[in-house]
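Okay, structure first, notes after.
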Amino acid sequence: MTDSNFWDYLKEGFLSLIYPISCQNCGRPIKESHGYSICGDCLKLIKLIPMPYCYQCGKPFSPEVDFEKGALCADCRHKERHFYFTRSVAYYQGVLRECIHLLKYQKQVKLVQPLGKLMINYLSANDLIKIKEIGLITPVPLFEDDCLKRGFNQSGLLAKYIADYFSIKYTENLLIKYKKNLSQVGLSKVERKNNVKNVYAINPDFQLNGISSILLLDDIFTTGATIEAICLELKKTGISKLYVLTLARGV
Ligand SMILES: [Zn+2]
Ligand SMILES: [Zn+2]
């Protein structure tokens with residue numbers, strides 16, 4: 001434990017004696033919060049996405065049907081995907097939805113630790129995304145004004161946490177979101193696709209220096225329109241392996 005961690009630990013212990021923190025999901029007091037406002041029992045309720053799912057985009061399949069390994073969903077069968085694989089760790093529901101809201105809108109950045117750990121565990125156990133071969137981890141960017149307003153890019157914090165853990169190069173400067181668009185929430189599939197068209201670009205000043213394998217990271221996968229738009233741009237750089245990992249998946 002470093003000195004500053006030690007003082008944080010003491011301060012937190014002291015404060016929790018005077019003002020016990022209660023879990024924002026179940027309401028029970030948290031004994032040792034580590035600065036999180038969600039208790040350990042509730043974090044364990046986050047529902048991970050089990051197999052079977054689409055080999056390429058990770059869309060969950062019905063567990064009742066016996067799918068062959070490598071089976072593709074209808075979308076992946078019928079259109080070209082610009083990514084190598086997309087995987088998502090857990091369903092965007094319940095406790096995880098609450099955690100993402102607390103992180104994004106209440107700036108509870110300490111939640112990056114337990115959420116980042118879920119992603120690290122996933123990557124460590126997944127043999128398709130060869131983590132040791134990845135040359136760069138980068139997040140889906142926010143529009144600059146939005147990022148300044150919030151003070152951080154939540155996907156960037158998660159990506160940095162993971163990159164540090166695996167000692168992989170990390171950057172927030174490879175991609176630029178140069179236009180503000182509507183939120184994807186509530187838009188139809190076609191509207192979502194149009195909404196992200198000509199919104200993302202590669203930063204011409206960023207040097208890839210021969211990096212050929214990238215892990216793109218985002219907080220939530222819904223229809224994949226944003227991911228597709230970015231991967232289309234990334235492919236133009238000549239990157240040969242483009243993996244995508246999101247913390248949560250909407251469908
Ligand atoms: Zn709880
Ligand atoms: Zn698919």
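When reading the values below, keep in mind they use all heavy atoms of this one structure, side chains included, and skip hydrogens, waters and symmetry mates. First listed ligand is number 1; within each ligand, the first listed atom is number 1.
Nearest heavy atom pair, residue L43 against residue P114, reads CD1-CB, 3.8 Å. The two residues C57 and C73 have their closest heavy-atom pair at SG-SG, 3.7 Å.
Using cut-offs of 30° and 60° for the angle between ring planes, the Y243 and F85 rings count as parallel.
For the residue pair Q154 and D219, a side-chain donor N or O sits within less than 3.5 Å of a side-chain acceptor on the partner. In this structure, a donor-acceptor pair under 3.5 Å is present between the side chains of T246 and S88. Side chain to side chain, S213 and E133 fail the donor-acceptor criterion of an N or O pair below 3.5 Å.
With respect to K235 and E80, a salt bridge is recorded, a charged nitrogen being found less than 4.0 Å from a carboxylate O.
Around the Zn ion (ligand 1), the protein N, O or S atoms found under 2.8 Å comprise C23 SG, C26 SG, C39 SG, C42 SG.
Excluding waters, the count of protein N/O/S atoms less than 2.8 Å from the Zn ion (ligand 2) comes to 4.
With sequence neighbours left out, the side-chain hydrogen bond (donor to acceptor under 3.5 Å, both in side chains) criterion links K117 to no other residue.
Listed by first and then second residue, the salt bridge (Lys or Arg N to Asp or Glu O under 4.0 Å) pairs that reach into residues 135-154 are D146-K180, sequence neighbours excluded.
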